[in-house]
Every structure is written in structure tokens, then in C-alpha cells.
Number of protein chains: 2
Amino acid sequence: MPTVSSEELAAAAGVNSAKLRKDFSYLGSYGTRGVGYDVEYLVYQISRELGLTQDWPVVIVGIGNLGAALANYGGFASRGFRVAALIDADPAMAGKPVAGMPVQHTDELEKIIEDNGVSIGVIATPAGAAQQVCERLVAAGVTSILNFAPTVLSVPDGVDVRKVDLSIELQILAFHEQRKAGEEAAADGVVPPVAAKPHRKGPDGDVPAVMPA
Amino acid sequence: MPTVSSEELAAAAGVNSAKLRKDFSYLGSYGTRGVGYDVEYLVYQISRELGLTQDWPVVIVGIGNLGAALANYGGFASRGFRVAALIDADPAMAGKPVAGMPVQHTDELEKIIEDNGVSIGVIATPAGAAQQVCERLVAAGVTSILNFAPTVLSVPDGVDVRKVDLSIELQILAFHEQRKAGEEAAADGVVPPVAAKPHRKGPDGDVPAVMPA
DNA sequence: CAATCTTTGTGCACGCGTTCACAAAGACAT
DNA sequence: ATGTCTTTGTGAACGCGTGCACAAAGATTG
Ligand SMILES: NC(=O)c1ccc[n+]([C@@H]2O[C@H](COP(=O)([O-])OP(=O)(O)OC[C@H]3O[C@@H](n4cnc5c(N)ncnc54)[C@H](O)[C@@H]3O)[C@@H](O)[C@H]2O)c1
Ligand SMILES: NC(=O)c1ccc[n+]([C@@H]2O[C@H](COP(=O)([O-])OP(=O)(O)OC[C@H]3O[C@@H](n4cnc5c(N)ncnc54)[C@H](O)[C@@H]3O)[C@@H](O)[C@H]2O)c1
């Protein structure tokens with residue numbers, strides 16, 4: 001029986017082994033003292049707790065550049081997600097096959113959601129249409145939304161929204177990039193632009209707390 | 001002079017006003033007591049600190065479904081990012097225009113990075129090629145990478161990597177979705193599958209600590 | 001110019017998550 | 001069966017970020 005210790009897993013994940021054990025303990029006592037965790041059993045328990053043992057139907061709304069790329073992406077199916085439908089407002093798109101599946105018109109949105117019992121929706125429309133699409137999805141029964149449009153969606157309680165903002169990802173990289181450049185300049189004896197007017201350091205003595213890690 | 005108070009900003013952002021003031025204080029003392037913050041000046045100071053006042057050239061490697069969508073995305077330019085080049089290993093792609101810009105072959109990668117002073121790279125290749133592409137980018141001088149391939153990249157110290165994993169975003173939604181379903185069932189007097197073998201609750205008494213918010 | 005009023009900037013305390021450290025549990029050898 | 005050795009599961013302490021509360025600052029008014 002192949003096993004892993006919390007120490008091995010922690011090293012691989014780059015975290016503290018005690019934290020890892022404590023996190024696992026929230027799921028139950030699935031380890032064997034003196035041995036470790038049965039890999040297969042552990043994987044199953046985590047998968048179950050995370051909801052990976054079920055199949056989740058999702059719909060993608062807005063089949064443009066990004067929506068089409070998502071539809072073609074094979075990584076979803078392998079993690080238990082099934083694209084139930086592709087929906088677009090453009091009449092010219094209707095019936096056109098994308099990733100081997102015909103695009104359906106937004107008129108069908110409510111029917112598609114209900115017929116397939118869809119609870120997760122992906123929004124890849126322009127920003128201007130996102131809130132409206134969101135409201136239709138929620139009204140039809142969707143309770144989780146993955147939003148790619150650069151807008152903050154307002155939803156009723158009980159509905160989860162996750163926003164993927166690629167520009168912010170780049171901004172975070174740029175922020176650290178600038179910081180590196182500043183440190184380099186400081187090491188060269190040049191006054192770095194950012195630290196030109198030093199005032200106070202953040203709690204960690206380095207990065208301001210406003211910045212995500 | 002248009003101003004905002006920390007109270008107004010905090011309400012708009014949905015955070016505590018004291019935290020907001022403290023965060024701002026890490027950048028300097030840019031407010032006026034009894035009045036608030038000069039909007040224009042504050043925006044400038046935050047933009048400067050975040051590195052938004054400079055123009056950052058980026059390259060996109062792997063111009064497939066996702067890479068092409070990214071190349072076509074207008075949201076980057078508006079936040080100070082300029083796509084310096086599109087790079088792909090497929091000889092058939094070379095010279096082909098995508099988003100009004102010719103795709104260049106990976107043979108040119110090092111030259112492109114150096115000529116344009118690129119420090120930020122985006123990887124949108126298949127997972128198998130990502131690590132190798134990453135190493136070439138780093139060797140050529142890139143120190144920040146945005147990775148869309150479902151692989152953990154290993155990089156030397158001083159290089160930042162941010163990974164965008166869309167499957168994980170969906171998994172997080174599915175996790176909460178399952179949790180909602182479980183609570184509903186519990187309210188109906190049915191034993192929910194997830195909580196069938198209760199063991200112990202997380203620190204917040206609700207969501208296991210292993211799960212991101 | 002003094003009094004008043006508003007809002008900042010920050011010391012301090014609280015609470016939560018992380019880490020330490022160890023007793024308990026179980027495997028395995030003798 | 002007993003002892004030893006490894007690794008889990010967790011109580012307790014620590015450290016850090018968040019929020020409270022207020023003194024200081026400056027604008028504004030009479
Ligand atoms: N392309 C990217 O890499 C990228 C990156 C980050 C964010 N985004 C955001 O994702 C969204 C989509 O980007 P894109 O590049 O695919 O744009 P796009 O213009 O190529 O596609 C938008 C699609 O949405 C459809 N649409 C418009 N209104 C609709 C509605 N009310 N209902 C249903 N469908 C509707 C359009 O017909 C079109 O097919 C945008 O909000 C964009 O800002 C895109
Ligand atoms: N499409 C999506 O929505 C999506 C979502 C999440 C993650 N991803 C990931 O993003 C990556 C790209 O996805 P895609 O759908 O665009 O795939 P794709 O197959 O359409 O495109 C991959 C491109 O990379 C190029 N390429 C291959 N090896 C290369 C190399 N060594 N150097 C440079 N270019 C190379 C190929 O020629 C191709 O053009 C994959 O790793 C995928 O798992 C995609």
C-alpha cells in the first residue's frame with residue numbers, strides 16, 4: 001500500500017507539515033500513525049470533500065475570443081466539469097459549431113439552465129453585458145459564476161462570484177518588477193524613485209499590506 | 001479641489017476605514033485632516049507606487065486559442081501594458097498576423113526579449129512546453145511570468161511567477177456549490193453526503209482551512 | 001485669533017491562523 | 001507479547017493582521 005507522510009507532502013507543497021496535518025484533520029482521521037496516509041484513500045477523501053467526484057455541468061456565455069478558447073480547453077473535462085452549452089447573443093453565431101458543439105442563442109438561456117440543472121455559469125461577454133447576463137443566469141437558477149468581464153457583478157446573497165482579472169495579474173507582476181528595479185538602483189547607490197520619500201514600512205517590513213501576495 | 005474621505009472610500013470598497021487609512025499611510029501622508037484625500041493626487045500616488053505610470057512591454061508565448069484571445073484583448077493596453085511580440089514554435093504560424101501583429105518564431109525569442117527590454121512574459125503554450133519556454137525566457141532576461149499552462153514552473157530566486165488556473169477557479173465554485181447543497185439537505189432533515197461523517201469543524205467553524213476564500 | 005468641527009494617522013488590544021512540541025497510536029522487529 | 005520506532009493528531013503558545021478608539025492636525029467659522 002503506497003503511503004505518504006505529512007512531512008513529504010509538506011516539503012513538496014512548500015508548507016509547514018503541522019499545518020498540513022491540521023488541515024487534513026478537518027476532513028477526518030485518515031492517516032495511520034507511524035506510517036502516513038494511504039495515497040489512494042487520501043486522494044479519494046479530498047476529492048470527495050472538494051466535490052470532484054461529481055460531474056458539474058457549466059454553461060459559457062459570450063463565445064468570442066475568450067469564450068471560444070475556454071470552450072476548446074480540455075482541462076475542464078478532466079477535472080469533472082462538462083460544458084453543457086455555449087450561449088451567445090449574436091444571431092450570426094447561432095448554430096455555428098465551436099469545439100464540436102453548436103452555439104445557442106441567448107433566447108434559450110433559461111431553458112438550457114433548467115433542462116440541464118446547471119448551477120455554474122461562466123461569463124465571457126463584454127463588460128457592458130455582464131451584469132445583465134448575470135441577472136438572467138441567477139434568475140434561471142445559477143448560483144455560482146466565474147466572471148471574466150472587467151466589471152464587479154452585484155448578486156443576491158447565496159450566489160458566489162469569482163472574478164478573473166488578467167490585467168490585475170499583470171499589474172501585480174509589474175509592481176514586484178518595479179520593486180526589484182528600485183532595490184537594484186538602491187544597491188547601486190542611486191536613489192530609487194519608489195523609495196525616494198520613505199515614510200514607513202509595511203507590517204512585514206517590505207511589501208505594503210494593500211498588495212496581494 | 002475634489003476630495004474623498006477614508007470613510008467614503010471604505011464604504012465603496014466594503015472594507016474597514018481604519019484599515020484603508022493604515023494602508024494609505026504606508027505610501028506616505030497624503031491626506032488632509034478634517035478634509036480627506038485629494039482625489040487626483042491620491043490616484044497619482046497609488047498609480048506611481050503600483051507601477052502604473054510606466055509602460056511595461058510584455059511578450060506572449062504560445063499563440064493558440066488562449067494566446068490569440070489574449071493578444072486580441074484590449075484591456076491590457078489600457079492599463080499600461082504593451083504587447084511587444086507574439087511568439088510561437090509552429091513554423092506555419094510565423095509571419096501570420098494575429099491582432100494586427102505578425103507572429104514570430106521561437107528562434108527569435110532571445111533577440112526579441114533583449115531588443116525590447118522585456119521583463120514580463122506570458123506563457124500560453126501546452127503544459128509540456130511550459131517549463132522549457134520559461135527557462136528560455138528567464139535566461140533571456142525575463143523576471144516575471146504569468147503562466148496559464150497547468151504546470152508548476154520552477155524558477156531561480158528573484159523571478160516571480162503567477163499562475164492562472166481556470167480549473168481551480170471552477171473547483172472552488174463547485175466546492176461552495178456542494179456545500180450549499182449539503183446545507184439545504186441538512187435543513188430538510190436529510191443527512192448531507194459531505195457532513196455524513198462529522199469529525200471536527202474548521203477554525204471559522206465553517207469552511208476547512210485548506211480551502212481558499 | 002480663538003473656538004469648533006471634521007478627519008487623518010496611529011498606538012494598542014483583540015482575535016485568528018500558524019507553528020511548536022508532545023502525548024497517543026499503531027506498525028514492526030525481536 | 002513486549003519494546004522500540006515512526007508519524008499522526010492536537011493542545012498551547014506565538015506572531016501578525018485587523019479594528020477600535022483617540023490625540024493631533026488643520027480647515028473653517030464667528
Ligand atoms: N480576450 C481575453 O484574453 C480577455 C482577457 C481578459 C478579460 N477578457 C474579457 O472577457 C470578455 C470577452 O472577451 P473577448 O475577447 O472574448 O471579447 P469578444 O468581443 O471577442 O467576445 C464577446 C462575445 O460576447 C457576445 N455577447 C455580447 N453581448 C452578449 C450578451 N448580452 N449575451 C451573450 N453574449 C453576448 C458577443 O456576441 C461576442 O461573441 C470581455 O469582457 C473582456 O474584457 C478577455
Ligand atoms: N484555452 C483555454 O481556455 C485555457 C484555459 C486554461 C488553461 N489553458 C492552458 O493554456 C495553454 C494554451 O491553451 P490553448 O487552448 O491556447 O492551446 P493551443 O494548443 O490552442 O495553443 C498552444 C500553442 O502553443 C504553441 N506551442 C507549442 N509548443 C511551443 C513552444 N515550445 N514554444 C512556443 N509555442 C509553442 C503551439 O504551436 C500552439 O499554437 C495550455 O497549457 C492550456 O492547458 C488554456
Side-chain angles (χ1 to χ4, degrees), chain A residues 1-46 48-49 172 175-176 179 195 197-213, chain B residues 1-46 48-49 172 175-176 179 195 197-213:
Chain A
M1 183 178 80
T3 61
V4 270
S5 68
S6 61
E7 204 63 57
E8 291 173 282
L9 283 173
V15 299
N16 184 288
S17 67
K19 173 166 165 38
L20 193 141
R21 284 199 298 279
K22 189 160 284 187
D23 283 350
F24 281 3
S25 79
Y26 296 136
L27 310 181
S29 291
Y30 300 134
T32 306
R33 297 179 183 215
V35 177
Y37 299 89
D38 172 21
V39 174
E40 198 183 344
Y41 188 54
L42 181 65
V43 166
Y44 168 72
Q45 290 297 346
I46 294 177
R48 188 182 52 72
E49 185 72 16
I172 293 170
F175 173 75
H176 287 120
R179 178 163 282 271
K197 207 197 292 176
H199 174 70
R200 176 164 94 150
K201 292 294 186 178
D204 54 354
D206 195 15
V207 180
V210 285
M211 208 63 204
Chain B
M1 185 178 81
T3 61
V4 270
S5 68
S6 62
E7 203 63 57
E8 291 173 282
L9 283 173
V15 299
N16 184 286
S17 67
K19 173 165 167 37
L20 192 142
R21 282 198 300 278
K22 191 163 283 185
D23 283 350
F24 281 3
S25 79
Y26 296 136
L27 310 181
S29 292
Y30 299 135
T32 306
R33 299 181 183 212
V35 177
Y37 299 89
D38 173 21
V39 174
E40 199 183 344
Y41 187 54
L42 181 65
V43 166
Y44 168 72
Q45 289 297 345
I46 293 177
R48 186 183 51 73
E49 184 73 15
I172 293 170
F175 173 75
H176 286 120
R179 179 162 279 273
K197 207 198 291 177
H199 173 70
R200 178 164 93 148
K201 292 294 186 176
D204 55 355
D206 195 12
V207 180
V210 282
M211 209 62 206

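Numbered from 1 within each chain, the chains take letters A, B, ... in sequence-line order. Keep in mind that what you see is a predicted model, and the values were worked out from it rather than measured.
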Atom-to-atom span, [atom1] of [X] to [atom2] of [N] - whole angstrom:
X     : N      : atom1 : atom2 : answer
A/L9  : D/dT7  : CG    : C1'   : 13 Å
A/R21 : D/dG9  : CZ    : C1'   : 8 Å
B/D23 : D/dC16 : CG    : C1'   : 14 Å
B/L20 : C/dT10 : CG    : C1'   : 15 Å
A/Y26 : D/dG11 : OH    : C1'   : 12 Å
B/Y37 : C/dT6  : OH    : C1'   : 13 Å
A/Y30 : D/dG9  : OH    : P     : 11 Å
A/M1  : C/dC28 : CE    : P     : 9 Å

Please enumerate all residues that pass side chain to side chain contact (heavy atoms under 4.5 Å, CB included) together with [X], with sequence neighbours excluded.
X     : result
A/A12 : none
B/A18 : B/N16, B/R21
B/S5  : B/E7, B/E8
B/A11 : none

Taking the six-membered ring for Trp, are the ring centroids of B/Y30 and B/F24 within less than 6.0 Å of each other?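 B/Y30 vs B/F24: aromatic centres not under 6.0 Å.
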Nearest to side-chain heavy atoms of A/S29, which nucleotide of D/dT10, D/dT18, D/dG9: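 Nearest listed nucleotide: D/dG9.
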So what does B/S6 hit on the nucleic acid, given a heavy-atom distance under 4.0 Å: a base, only sugar-phosphate, or nothing?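 The answer is sugar-phosphate, as B/S6 gets under 4.0 Å only of primed atoms, P, OP1 or OP2.
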Establish, with yes or no, whether the OP1 or OP2 oxygen of C/dT7 is under 4.0 angstrom from a side-chain nitrogen or oxygen of B/S5.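 False: B/S5 side-chain N/O out of range (4.0 Å or more) of C/dT7 OP1/OP2.
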Heavy-atom closest contact (B/A10 atom, B/S17 atom, distance):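 Scanning both residues, the minimum pair turns out to be CB-CA, 3.4 Å.
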Side-chain donor-acceptor pairs of residues 31-40 of chain A under 3.5 Å, sequence neighbours excluded:
none

Protein-nucleotides 25-30 of chain D N/O pairs closer than 3.5 Å?
residue: D/dA25; atom: O4'; partner: B/R33; partner atom: NH1; Å: 3.4

State whether the distance check finds a donor on one side and an acceptor on the other, under 3.5 Å, for side chain A/K22 versus base D/dG11.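 Per atom types, the contact qualifies.
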